[in-house]
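This structure is a prediction, so every number in the text was calculated from the model and none was measured. Letters A, B, ... are given to chains in the order of the sequence lines, protein chains preceding strands, and every chain is numbered from 1.
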There are 2 protein chains.
Amino acid sequence: MGRPSVQDQRKKEVLDAFMSCVVRYGVEGATLEHIAAQAGLKRPLIRHHLGNRKAMVLALGEHVVETFSKQTETLRVALDEHPDVRNLIEALFNSDGEMDPRINICYQALVNSIEIYPELRKPLLESMEAFYKVAIDIVLASHPKADKQACEIVAHGIINLFITTDAFVPLKPPKTWGYSSYFAALKLAETLEEKT
Amino acid sequence: MGRPSVQDQRKKEVLDAFMSCVVRYGVEGATLEHIAAQAGLKRPLIRHHLGNRKAMVLALGEHVVETFSKQTETLRVALDEHPDVRNLIEALFNSDGEMDPRINICYQALVNSIEIYPELRKPLLESMEAFYKVAIDIVLASHPKADKQACEIVAHGIINLFITTDAFVPLKPPKTWGYSSYFAALKLAETLEEKT
DNA sequence: AAATTTACTGTCAGTATTGACAGTAAATTT
DNA sequence: AAATTTACTGTCAATACTGACAGTAAATTT
């Protein structure tokens, strides 16, 4: 009874606003006022729903890790149907709107804040490990004859290139930069093909 | 006449301290007090030498761009002697102590702060363009018969992989991650070899 | 309609950060 | 030694940020 709770919804909204602010101002530059304004709420209200600043940062960490894990799972389905490296690359780089471009930037920002929030280290590390693992599995399944170590290197390379996809967006770089990581990932995948 | 000026030296020391703080706390998290403590100086003194906070951030931008440009030049000499892709990769990934690992992290942090300091955009963009250009030139000179576009893609890929080298360091990742970008870069370079 | 629970706002105190500047100390010239 | 220039320190006011909480409004149950 009583007024129905909207905490779950509000939390998501606030964390979404937090992400946008982290992209613009960094973790420490994202003030509670910034976040509240971005979410269209008053500052005391976001505190009511999420607690103090530290709790918010940790919640953001969970949120990013969770979103990351969902993306990882989305990739795993591409494995089940057609365990092909190109499918992996397409899913990573050309899934229109599926991947939130803010996630990678926030992830990196949180990694760099680990000295302030050491609790973030473990979940961030584990989510990235899972991400690598899925990529490695796909590459291995896709090229069963290829050298195992080569597959791991290619998988790592593809993921690392993916990480940089949106790294330069604030620079408004020439269009040629935009797809460079994508094309490089494709070339990297080529190295596993049979050499005829 | 008068007491000899140590501004040039002090500026360098402060900017070096600023870099260390940006790596730990991000651009906005690096307070003047942090920077001063890191440099072993009093806060009013760093102001005396470098001006207010905004001036310091812009000076840091110049410093990073300058260091970046020096690294770019260091690479160009590797071009003149042996324009080989492997030399490029070795110079990037295995030049013990030559490359300051903080530079990439600071560069990325500054890129993400462009909305606050728009003046940084142009120099940051240009320094990265120069960096790409040198890499492309080396790859082209190294493989004159190869497809031009392929060379550009490989060069971009190598640089983008280089960018990620120290991205995960705060996570204290397993050793296997450490060289993944390096090995991936080598594999990427392989794609330009003659297919026999 | 009363009670209850939650959403939301206004506001204040404590702290952190920055900017500013007066004043002192040190090194150099004349 | 006096003058001059710069390095450096102490300190205070203004501002920004956060934490806390009382109090109001809204939605639901009985």
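- Note: CD (B/Glu33) to C1' (D/dA16) measures 16 Å, nearest angstrom.
- For A/Gln7, whose side chain is taken as the heavy atoms from C-beta onward, the closest listed nucleotide among C/dT18, C/dA26, C/dA7 is C/dA7.
- An OP1 or OP2 oxygen of C/dA7 is reached within less than 4.0 angstrom by a side-chain nitrogen or oxygen of A/Ser5.
- Here D/dA25 is the nucleotide among C/dT17, D/dA25, D/dT18 with the atom lying nearest to any side-chain atom of A/Arg3.
- Separating the CG atom of A/Leu50 from the P atom of D/dG19 is a distance of 12 Å, rounded to the nearest angstrom.
- Between B/Tyr182 and B/Tyr179, the angle of the ring planes goes over 60°, which puts this pair in the perpendicular group of the 30/60° scheme.
- Contact annotation for B/Arg10: backbone-only contact, meaning every heavy-atom pair under 4.0 Å involves sugar-phosphate atoms and none involves a base.
- The shortest distance between side-chain heavy atoms of B/His156 and B/Ile136 falls below 4.5 Å.
- Here the side chains of B/Trp177 and A/Glu129 are in contact, with some heavy-atom distance below 4.5 Å.
- Of the candidates D/dA20, C/dA20, D/dC8, the closest approach to any side-chain atom of B/Arg47 belongs to C/dA20.
- Between B/Phe162 and B/Phe93, the ring planes are perpendicular. Angles over 60° get that label, and only those under 30° would be called parallel.
- Within a 6.0 Å sphere centred on CG of A/Asp8, other residues, nucleotides and ligands contribute 12 heavy atoms or fewer.
- Taking 4.0 Å as the cut-off between side-chain N and carboxylate O, A/Arg86 and A/Asp84 do not count as a salt-bridged pair.
- Atom CD1 of B/Ile35 and atom P of C/dT17 are 11 Å apart (whole Å).
- Atom OH in A/Tyr25 sits about 15 Å away from atom C1' in D/dA16, given to the nearest Å.
- Within the 4.0 Å cut-off from OP1 or OP2 of D/dA16, not a single side-chain nitrogen or oxygen of A/Thr31 is found.
- Mapping B/Asn52 and B/Gly2 onto DNA chain C via the closest heavy atom, the residue that lands nearer the 5' end is B/Asn52.
- Put simply, B/Arg53 has a side-chain N or O that comes within less than 4.0 Å of OP1 or OP2 on C/dT18.
- Separating the CG atom of A/Asp8 from the P atom of C/dT6 is a distance of 13 Å, rounded to the nearest angstrom.
- A salt bridge links B/Glu119 to B/Lys54: one of the charged nitrogens lies within less than 4.0 Å of a carboxylate oxygen.
- Note: CD1 (A/Ile46) to P (D/dG19) measures 10 Å, nearest angstrom.
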With pairs defined as Watson-Crick or G-U wobble and both distances under 3.5 angstrom, please note down DNA chain C as a dot-bracket string, | for pairing with another strand. ||||||||||||||||||||||||||||||
Using atom names, set out every protein N or O paired with an N or O of nucleotides 9-13 of chain C below 3.5 Å, distance rounded to 0.1 Å.
none

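- A donor-acceptor contact closer than 3.5 angstrom links the side chains of A/Asn160 and A/Tyr132.
- Here C/dT18 presents its C1' atom at 10 Å from CE of B/Met56, a figure rounded to the nearest Å.
- Between B/Lys133 and B/Asp137 there is a side-chain heavy-atom pair separated by less than 4.5 Å.
- Residues A/Thr67 and A/Met19 fail the side-chain proximity criterion, which asks for heavy atoms closer than 4.5 Å.
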